[in-house]
Amino acid sequence: MHIPDGILPAPVCVAGYAIAGGITWVALKRIHKTSDSQVEVPKAALMAAAFFVGSSISLPVPPVSVHLVLNGLLGIVLGWYAWPAILIGLLLQAILLGHGGVTTLGVDAVMMGIPAVLAGQLFQLRHYLGKSLPAKISLGLFSFIAGAFGVGLSAMIFFALVIFAIPSTLDQSTEQTFLKALMVGHIPLIFLEGVFAVLLCFFLLRVKPELLER
Amino acid sequence: MKLFGSALRSSLYQLGMMAIAIGGLPMAALAHGAHIQARTATAMEIQANYDSGEPMAEATVQVFAPDDPQTPVYTGLTDADGKFVFVPTAPGDWEVSVRQAGHGDIAVVPVESEGAIASTFTNDAGLTLLQRGMVAGAVTWGCVGTALYFGQRGKNRAHS
């Protein structure tokens with residue numbers, strides 16, 4: 001769901017960079033505040049790799065095809081670190097794979113990074129809201145919600161931006177037909193990424209449970 | 001009576017305007033004959049694919065002439081094979097934008113006189129599957145290296 005160069009009007013791209021710049025500042029400040037800001041770097045590097053590769057794994061949902069985003073997962077595992085990881089992943093995707101674009105890097109970062117950070121916060125809510133549930137069910141439930149929420153919110157921002165940016169010179173009805181097909185195509189993806197997050201969380205719970213506690 | 005008079009005057013005025021309008025029209029528009037003329041022109045064919053290799057069928061195409069990058073000269077849809085044909089009428093850099101549901105690309109094609117594509121132009125073929133895999137592998141390896149480096153540093157610090 002990366003927005004390539006030339007789709008959005010210039011002011012939107014500039015606004016994307018401005019918002020992304022602000023969030024980068026906040027995220028780095030939050031990371032700097034932690035007792036040892038380098039402890040999480042190895043984890044962030046590995047998750048950035050997963051994010052980078054994820055966009056190349058496309059799932060055909062006829063008539064369209066969608067690809068993994070994994071931003072909810074990054075939020076769950078990394079918290080605020082998800083933002084720099086996604087920013088670097090997007091930059092590499094734009095330059096090396098031609099996925100997205102350099103002018104739309106800010107917009108893409110906002111589109112995928114903000115839902116990731118929010119998904120991370122949502123996942124932490126299990127300590128408050130999931131208390132009454134058995135630990136494993138609470139973990140499963142909140143990891144599913146966070147994983148699905150990340151890509152779901154990204155998809156919503158994507159469609160809002162694209163619908164907003166359809167120039168009047170385009171044939172609205174054909175464009176909307178394809179947008180609808182693409183929207184429907186994202187529903188299985190949202191479920192899939194939720195399930196993916198649950199599987200990874202259960203795996204981490206078994207092999208390295210301290211990774212889930214931030 | 002006064003009301004009727006003014007209505008009459010305004011309809012007379014309208015009639016007069018119509019007469020001027022008809023008189024002003026070019027004669028060809030009044031004729032009922034039509035002619036089709038044919039000539040040979042050099043056309044340009046666009047092929048739009050997604051990077052997965054499948055064609056962008058029924059995607060919106062906009063073609064901008066070199067002298068006006070704002071209003072498209074041609075608009076239309078690609079066919080089922082992702083193809084679109086148009087005739088560049090003037091030399092210069094023609095801009096072709098193909099987009100579908102938020103995805104798409106813009107290509108600038110230099111056109112010489114007679115509508116031929118300039119010999120300096122090369123098509124951007126995108127990455128092959130092998131190149132894509134190598135890029136993904138290299139980035140993953142870089143990330144693993146970063147992880148190992150920072151992991152080792154953390155361990156060293158814990159020991160000292």
Side-chain angles (χ1 to χ4, degrees), chain A residues 1-8 36 38-58 60 63-65 67 85 88-89 92-93 95-101 158-159 161-163 165-167 169-172 174-183 185, chain B residues 50-54 56-64 69-78 95-108 124-127 129 131-155 157-158:
Chain A
M1 68 176 74
H2 303 54
I3 299 182
D5 292 329
I7 294 278
L8 295 178
D36 187 352
Q38 285 185 3
V39 171
E40 301 272 303
V41 174
K43 216 161 75 177
L46 291 181
M47 291 309 283
F51 176 79
F52 178 84
V53 175
S55 84
S56 293
I57 303 173
S58 52
V64 294
S65 83
H67 64 78
I88 292 168
L92 291 175
Q93 280 172 347
I95 294 174
L96 297 175
L97 297 178
H99 239 134
F158 172 80
F159 289 118
L161 277 173
V162 170
I163 290 169
I166 297 180
T169 46
L170 285 193
D171 184 1
Q172 305 281 335
T174 27
E175 188 74 358
Q176 274 168 12
T177 319
F178 274 94
L179 266 180
K180 270 182 210 148
L182 197 62
M183 259 185 227
Chain B
Y50 283 112
D51 53 10
S52 58
E54 54 187 304
M56 293 179 77
E58 284 182 71
T60 311
V61 184
Q62 287 177 294
V63 180
F64 300 89
Q70 295 299 324
T71 29
V73 190
Y74 303 108
T75 50
L77 297 177
T78 54
E95 215 174 85
V96 184
S97 123
V98 182
R99 49 187 283 167
Q100 187 169 58
H103 297 83
D105 194 15
I106 294 178
V108 178
D124 171 23
L127 296 177
L129 201 65
Q131 287 170 320
R132 197 169 275 277
M134 281 177 71
V135 165
V139 169
T140 309
W141 179 238
C143 289
V144 170
T146 312
L148 288 175
Y149 175 73
F150 279 95
Q152 202 57 43
R153 257 172 68 147
K155 247 182 235 164
R157 235 178 327 174

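Just so we're clear, the structure is a prediction, and the values are computed from it rather than from any experiment. By convention in this document, chain letters (A, B, ...) are assigned in the order of the sequence lines, proteins followed by strands, and residues within each chain are numbered from 1.
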Next item on the list: Using non-hydrogen atoms and a 4.5 Å limit, figure out which bit of B:Thr140 sits close to chain A: side chain, backbone, both or neither.
Entry: both
Check: chain A heavy atoms under 4.5 Å from B:Ala59: which part of the residue, side chain, backbone, both or neither?
Finding: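 Neither part, no heavy atoms under 4.5 Å.
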Atom pair [atom1]/[atom2] of [X] and [Y] - distance to nearest 0.5 Å:
X	Y	atom1	atom2	answer
B:Cys143	A:Leu92	SG	CG	7.0 Å
A:Leu96	B:Arg132	CG	CZ	10.5 Å
B:Tyr149	A:Gln38	OH	CD	8.0 Å

Under 4.5 Å from any heavy atom of chain B - which part of [X]:
X	result
A:Leu182	side chain
A:His2	backbone
A:Phe159	neither

Check: Closest approach of A:Pro4 and B:Gly104, non-hydrogen atoms and distance?
Finding: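 Heavy atoms of A:Pro4 and B:Gly104 come nearest at CG-O, 3.4 Å.
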Item checked: Residue pair A:Pro42 / B:Gly151: nearest heavy atoms and the distance that separates them ->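 For A:Pro42 versus B:Gly151, the nearest heavy atoms are CG-N, 3.6 Å.
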Check: If you count heavy-atom pairs under 4.5 Å between each of B:Val139, B:Ile106, B:Thr146 and chain A, which one has the most?
Finding: B:Val139
Check: For the ring pair B:His103 and A:Phe178, is the centre-to-centre distance below 6.0 Å?
Finding: no
Next item on the list: Walk me through it: do A:Leu97 and B:Val135 pass the test side chain to side chain contact (heavy atoms under 4.5 Å, CB included)?
Entry: CA-CA 8 Å; A:Leu97 297 178; B:Val135 165; 3.8 Å; yes
Notebook entry, point to check: Among A:Leu46, A:Ile88, A:Thr177, which residue forms the greatest number of heavy-atom pairs with chain B at distances under 4.5 Å?
Noted result: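 Maximum pair count with chain B is reached by A:Leu46.
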